[in-house]
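Some notes on the structure that comes next.
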Number of protein chains: 2
Amino acid sequence: MPGRPARRRTSVTDVAAAAGVSLGTVSNVLNRPERVSAATRERVERAMVELGFVRNEGARALRAGQSRTIAYVMLDAGNPFFTDVAQGIEDAAEAADLSLFLCNSDNRPDREAKHLAHLQQQRVQGILVTPVDPGADVLDTIARHGTPLVIVDRIRHDGAFCSVAVDDVLGGRLAVEHLVDRGHRRVAFVGGPLSIGQVRDRYDGALAAWTDAGLPPEDLVVVPTRTLTVAEGRSAGEQLAALPGPRRPTAAFCANDLLALGLLQQSTGSGRRVPGELAIVGYDDIEFAAAAAVPLTSVRQPRQELGAMAADLVLDEATNPAHAHRQVTFTPELVARASTLG
Amino acid sequence: MPGRPARRRTSVTDVAAAAGVSLGTVSNVLNRPERVSAATRERVERAMVELGFVRNEGARALRAGQSRTIAYVMLDAGNPFFTDVAQGIEDAAEAADLSLFLCNSDNRPDREAKHLAHLQQQRVQGILVTPVDPGADVLDTIARHGTPLVIVDRIRHDGAFCSVAVDDVLGGRLAVEHLVDRGHRRVAFVGGPLSIGQVRDRYDGALAAWTDAGLPPEDLVVVPTRTLTVAEGRSAGEQLAALPGPRRPTAAFCANDLLALGLLQQSTGSGRRVPGELAIVGYDDIEFAAAAAVPLTSVRQPRQELGAMAADLVLDEATNPAHAHRQVTFTPELVARASTLG
DNA sequence: TTGTAAGCGTTATCAG
DNA sequence: CTGATAACGCTTACAA
């Protein structure tokens, strides 16, 4: 078995030599084939195949001064919400003939910073990011250095970047209005930490709807969580179960679907009927929400549209000299299912 | 509000001019700082900050002849199994001081091919891929052109690449042995198409265990699916429910967890008790498996280890002249939970 | 210790 | 329509 192919790859020069033309002609075949006679072109193309020529994108970008790549730095690749957003970006990128690279910060600021630095060194055309902290200085630094950057699913209130997000205050409202409509008068808000803008907004919307309905604020019980994960949802369920009967909420609004699924599992697993004894509303409407054993009522965000819009915005910033930053907000929608409709 | 920063970014030359040194010195500050006097170095570093210098990785790689990036082309970013594999790769890559780009083929051969082509044009150090079709010619083409390539979670039987996978025949065995142990004498295998190597192997292992137990092959009923998704799991549930009582299996082994979750949901949703009337075993042990309303018995694959090993293999192929292709196989493990333990 | 110059692979310009 | 040449930003001998 022979070793790997030699270290140096074949270049336009090699192709030119093999085809008996100058390298300018090879470049023309690549970039303006119409300027080359059919015969020559064919000879060059044959040489390319024979030599296994692969264009060096780095050199090309170096010369051109810009690349054909954008990137999305995800907050949590394990959360289906973000992979759906990524899907939307991918489709938009494909339509614009751009390639998309995905990176996962996994909620870690250090990893996020590393990815961002690497991407700007790669001179990608633009960066989409769902940041750990939308206020973080790294983001400004990237933008200041000239790489277009769009914030996805978060808002930066100073308008320093384009951003696309969903109206989470409204989403929180929808969830609680639904529960109030179904007759619940003691409801838990499960989620945290409130320092996350999303969580804060959903809570604010929830509280607004609650008081608008004339209900006492103390009957909207906050069950704080450390993260937005299934495991934390389970432990929230234990906390709820520990409350004395009269103080125990008859419904819970969870800040995302992972929490809701954890809560659902803990509840049914320990014998509480859902929605009979505890109604549950999630947030995001990920695929697993509908697929849960008790299909989950959830607030749906237009995930793919979110991604597609973000892609359009970076592209505009990268190519349109008259670009102005925009904050685009989408409207969420409540999807009622069995977990509240018993 | 001023427009974006000027098109041209500051280069080593600019930094050199600003710091009053030659560009060679700037490069030394970047690459062999010990060769530069402290005073000069500091002057250069200050200039870098002031000018907002960002190293151009494309140019660097061009000159160096190699990049510090590897990539993983995922089969389905929406399947938590693959994001966990990616997590393992990311950790290994970080340890080796490499950056990882993720791409998602979304089960589409055309998208896979596009990503692979783009990556080899980017001259990444190596490519990890879970291919739509491990036998596809594109893979050979990549390798022939000199980019190290490792197949993840699939096997290429001709040994043309390194690969890491899990012993799926054994996994299938474990699942069915467990069910037989629990007394089941009529079992469904839910999964398909059998043209997918994984599915085929799991089925073969299941059948082997079944006949080894002295049970008649026709009592291991195949319920074919078109894809490995939650939706197909649900429709498999409907097919099972439609079978006349005596012909209806008392347990199902699903080719992955998404199918199992769909089946679980359809079953409990239509009033069948799990595991009382139908025991269910999944495959992959994704996080949602344990979090399902009836926690799912599943065959666990060492996902992170799979990813980490794959990263080690590409790295070896990229850097070790004596590299020889290896097929690494991991051993799966059955995790028994409520869905079979009633 | 610092500076100079060549070259990585590509593309665009401009003269033939 | 073709071919020589410069330039993109960086690294690395090698010279000063």
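Every chain is numbered from 1 and lettered A, B, ... according to where its sequence line falls, protein lines coming before strand lines. Excluded from the calculations below are hydrogen atoms, water molecules and symmetry mates; all remaining heavy atoms, backbone and side chain alike, are included.
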Can B/Arg154 and B/Gln198 be counted as having a side-chain donor-acceptor contact under 3.5 angstrom?
yes
Distance only, no hydrogens: is a donor on one side chain within 3.5 Å (strictly under) of an acceptor on the other, for B/Arg35 and B/Thr25?
no
Between A/Leu128, A/Ile142, A/Leu313, which is the residue that forms a side-chain contact (heavy atoms from CB on, under 4.5 Å) with A/Leu149?
A/Ile142
Categorize B/Ser11 for me: base, sugar-phosphate, or nothing, with a 4.0 angstrom heavy-atom threshold over every strand shown.
sugar-phosphate
Show every salt bridge (Lys or Arg N to Asp or Glu O under 4.0 Å) that has at least one partner inside residues 302-314 of chain A, sequence neighbours left out.
A/Asp84-A/Arg303
Checking side-chain contact (heavy atoms from CB on, under 4.5 Å) between B/Phe81 and each of B/Thr130, B/Leu75, B/Leu306, which is the one that passes?
B/Leu306
Please find the pair of heavy atoms, one from A/His145 and one from B/Arg9, that lie closest to each other, and give the distance.
O-NE, 2.8 Å
For chain A, the stretch of DNA chain C it reaches, first to last nucleotide, under 4.0 Å of its heavy atoms
C/dG9 to C/dT13
Taking the basic N atoms (NZ, or NE/NH1/NH2) and the acidic carboxylate oxygens, is any pair closer than 4.0 Å for B/Lys114 and A/Glu94?
yes
Would you mind classifying the nucleic acid contact of A/Arg123 as base, sugar-phosphate or nothing, using non-hydrogen atoms under 4.0 angstrom?
nothing
Please evaluate residues B/Phe101 and A/His118 with respect to the criterion ring pair (Phe, Tyr, Trp, His ring centres under 6.0 Å), reporting the C-alpha separation (whole Å), side-chain torsions for both, the decisive distance (0.1 Å), and the verdict.
CA-CA 10 Å; B/Phe101 284 147; A/His118 182 229; 5.2 Å; yes
Is the backbone of A/Asp137 close enough, under 3.5 Å, to the side chain of A/Thr141 for a donor and an acceptor to pair up by distance?
yes
Report yes or no: do A/Gln120 and A/His115 form a side-chain donor-acceptor pair below 3.5 Å?
no
Check the interface with nucleotides 5-7 of chain D: list each N/O to N/O pair with the protein under 3.5 Å, or write none.
from, atom 1, to, atom 2, distance (Å)
D/dA7, N3, A/Arg63, NH1, 3.4

Check for a donor-acceptor pair, side chain of A/Asp133 on one end and backbone N or O of A/Gly135 on the other, with a separation under 3.5 Å.
yes
Please give me every residue in residues 13-21 of chain A whose heavy atoms get under 4.0 Å of an atom in DNA chain D, ordered by residue number.
A/Val21
Cut-off 3.5 Å, no hydrogens considered: what does the side-chain donor-acceptor table look like for residues 39-47 of chain A, sequence neighbours left out?
from, atom 1, to, atom 2, distance (Å)
A/Thr40, OG1, A/Ser37, OG, 2.5
A/Arg43, NH1, A/Ala19, O, 2.6

Let's see if you get this right: which residues in residues 33-55 of chain A place a heavy atom under 4.0 Å from DNA chain C?
A/Phe53, A/Val54, A/Arg55
